[in-house]
2 protein chains.
Amino acid sequence: MLSAIMEDYLKAIYYLQNEADDRVRTSVLAEYMDVEQPTVTSMMKKLSERDFVLYEPYRGVELTDTGVPIALEIIRHHRLLERYLTDHLEYDWAEVHDEADRLEHHISSKFADRIAEQLGQPAVDPHGDPIPTANLDVSGAKDGERLADHQVGDSVQIVRVPDTDPDLLRYLSKHGILPGTVVDVVEIAPFGMVTLDPDSGDGPVALPEEVACSISTQSLTQSSH
Amino acid sequence: MLSAIMEDYLKAIYYLQNEADDRVRTSVLAEYMDVEQPTVTSMMKKLSERDFVLYEPYRGVELTDTGVPIALEIIRHHRLLERYLTDHLEYDWAEVHDEADRLEHHISSKFADRIAEQLGQPAVDPHGDPIPTANLDVSGAKDGERLADHQVGDSVQIVRVPDTDPDLLRYLSKHGILPGTVVDVVEIAPFGMVTLDPDSGDGPVALPEEVACSISTQSLTQSSH
DNA sequence: TGAAATAATTAGATAAGGCTAAATTTATAA
DNA sequence: TTATAAATTTAGCCTTATCTAATTATTTCA
């Protein structure tokens, strides 16, 4: 059918396409996949030949209608596994990513559906990322605003945090910053650092700009732009 | 580390070594792995270079002390997964083999240990095959006698059934032949076919010689040889 | 607008795991 | 014990996914 590696490329293209809604450049994909550019070029040719992507040399790549559901299926597997590992197998949310990243390519749809059933058809994974339904619908997912885009004084609810860095996740949970947590924005430094006061009462936490940009939120007060 | 394919070879050698306690021939391994002989030869060179097997050209192969625990770990994964799929994810015992065969290479030891814990450290998989402990101990496993070696009139308990053929497994469970079932041997035909009467009362079942040889049992009466 | 910088592709190599055909070793049996 | 049969290995090729080095497009900016 399709190798685990090819699935990973499709997943990456899906992700990067949503990040910057434009065709995905070879260089961006190479960086993200941690391979050299020629590797990406040759892979794009293969995926393009099999109609999973639309590839125009020197112009970047995008998923076709054949490629999208494959990416979504893998994403569904990944996020269900993450949910399952934390909820049923007592994994810490910081450590689920790697295990899910391997298993996502090897579980059957049946396996995915069974754990979804066991979990009560969850809508999001432990990091707040939306889980596509069995028929690969993602319409329920809301985008949210970037934490970095709020203003001092705003009260916001955390919707999503990035899932790949275990150390960051441990740091965030230690300071009470989890999906669902309500925080007040107490300071935004000129170099972009955001200081928060979580309602858990653990005291203020400062986050560098990069992190604040990758955390997705929902406004509770209306003062944000 | 070690590819999924290499792990499969080690698992196969472990199995074949126990079947016919002698060095495993290239041809036997090729047949079992469903590849051509030269493929086996080149793989044995690689595994031998890395000290997982002892390989003597033209003389067959056997696992080293480095290779055995790797095979056992994979077998542990496989059997725990089979148990987990049937007990927690409502799989039928006939369909667990293939899913487990893929996943066994991709779950971490942690994952295996967690599901073992959830299952209460089970001793056997759904087909009656013993599950190595976390420290890869298999001393608790008893060999049992082949069903085919009993005599008419014997009352025997089913210990293990072969796990790879879904159709056979469906047939066996439909007729009440499961690990733990007690059956009476009512006939042994000259061409090896064994007829059983399971205590479940579903009436007699006939099994061809090959199947009767691959089912492992324990005597309840003492009349068997 | 044209030269320099940047991005992307082509060319050619490598390692893993598989294959077929040919050569070689071991086993069998006359 | 020697000739044939069977088993095994060698040789050489293929595909996938990767790499480096060299070439070619595309941008950028003076």
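Lettering follows sequence order; numbering is per chain, from 1. Both backbone and side-chain heavy atoms feed into the values below; hydrogens, waters and symmetry mates do not.
Between B/M1 atom CE and C/dA15 atom P there is a gap of 19 Å when expressed in whole angstrom units. The nearest whole Å value for the distance from the CE atom in B/M33 to the C1' atom in C/dC19 is 15 Å. C/dT9 atom C1' lies 15 Å from atom CG of A/L29, rounded to whole Å.
Applying the salt bridge (Lys or Arg N to Asp or Glu O under 4.0 Å) criterion to B/R25, with sequence neighbours excluded, gives no partner residue. Residues passing the side-chain contact (heavy atoms from CB on, under 4.5 Å) test with A/E210: none are found, sequence neighbours excluded. Under the ring pair (Phe, Tyr, Trp, His ring centres under 6.0 Å) criterion, A/Y58 pairs with no residue at all, not counting sequence neighbours.
Ion pairing between a basic and an acidic side chain is recognised when a charged N comes within 4.0 Å of a carboxylate O; B/R76 and B/D125 show no such pairing.
Contact check of residues 11-18 of chain B against DNA chain D (heavy atom, cut-off under 4.0 Å) returns no residues at all. Within residues 35-45 of chain A, the residues that place at least one heavy atom under 4.0 Å from DNA chain C are, in residue-number order, A/Q37, A/P38, A/T41, A/K45.
If you check C/dT9, D/dA17, C/dG17 against the side chain of A/S3, the one that comes closest is D/dA17. Of the candidates C/dG17, D/dT8, C/dA8, the closest approach to any side-chain atom of B/K46 belongs to C/dG17.
As judged by a 4.0 angstrom heavy-atom cut-off over every strand, A/M6 is placed among residues touching the sugar-phosphate backbone only.
Applying the side chain to side chain donor-acceptor pair (under 3.5 Å) test to residues at least two apart or on different chains, none of the pairs has a partner in residues 32-47 of chain A. Applying the salt bridge (Lys or Arg N to Asp or Glu O under 4.0 Å) test to residues at least two apart or on different chains, the pairs with a partner in residues 84-96 of chain A are A/R83-A/D87, A/E95-B/K110. Listed by first and then second residue, the salt bridge (Lys or Arg N to Asp or Glu O under 4.0 Å) pairs that reach into residues 48-64 of chain B are B/R23-B/E56, sequence neighbours excluded. Each salt bridge (Lys or Arg N to Asp or Glu O under 4.0 Å) pair with one or both residues in residues 128-139 of chain B, not counting sequence neighbours, appears once here: B/D129-B/R160. Screening residues 79-102 of chain A for ring-ring contact (aromatic ring centres under 6.0 Å, His included), with sequence neighbours left out, gives A/H78-A/H97, A/Y84-A/H88, A/W93-A/H127. Sorted by first then second residue, the side chain to side chain donor-acceptor pair (under 3.5 Å) pairs that include residues 8-17 of chain B, not counting sequence neighbours, are B/D8-B/H105, B/K11-B/D101, B/K11-B/E104.
At D/dT16, none of the side-chain N or O atoms of A/Y9 fall inside 4.0 Å of OP1 or OP2 (strictly under the cut-off). A sub-4.0 Å separation between OP1 or OP2 of C/dT6 and a side-chain N or O of A/S27 is absent.
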Could you go over nucleotides 23-26 of chain D and give all protein N or O partners under 3.5 Å, atom names and distances?
residue: D/dA25; atom: O4'; partner: A/Y58; partner atom: OH; Å: 3.3

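Side chain of A/T64 to backbone of A/F52: a donor-acceptor contact under 3.5 angstrom is found.
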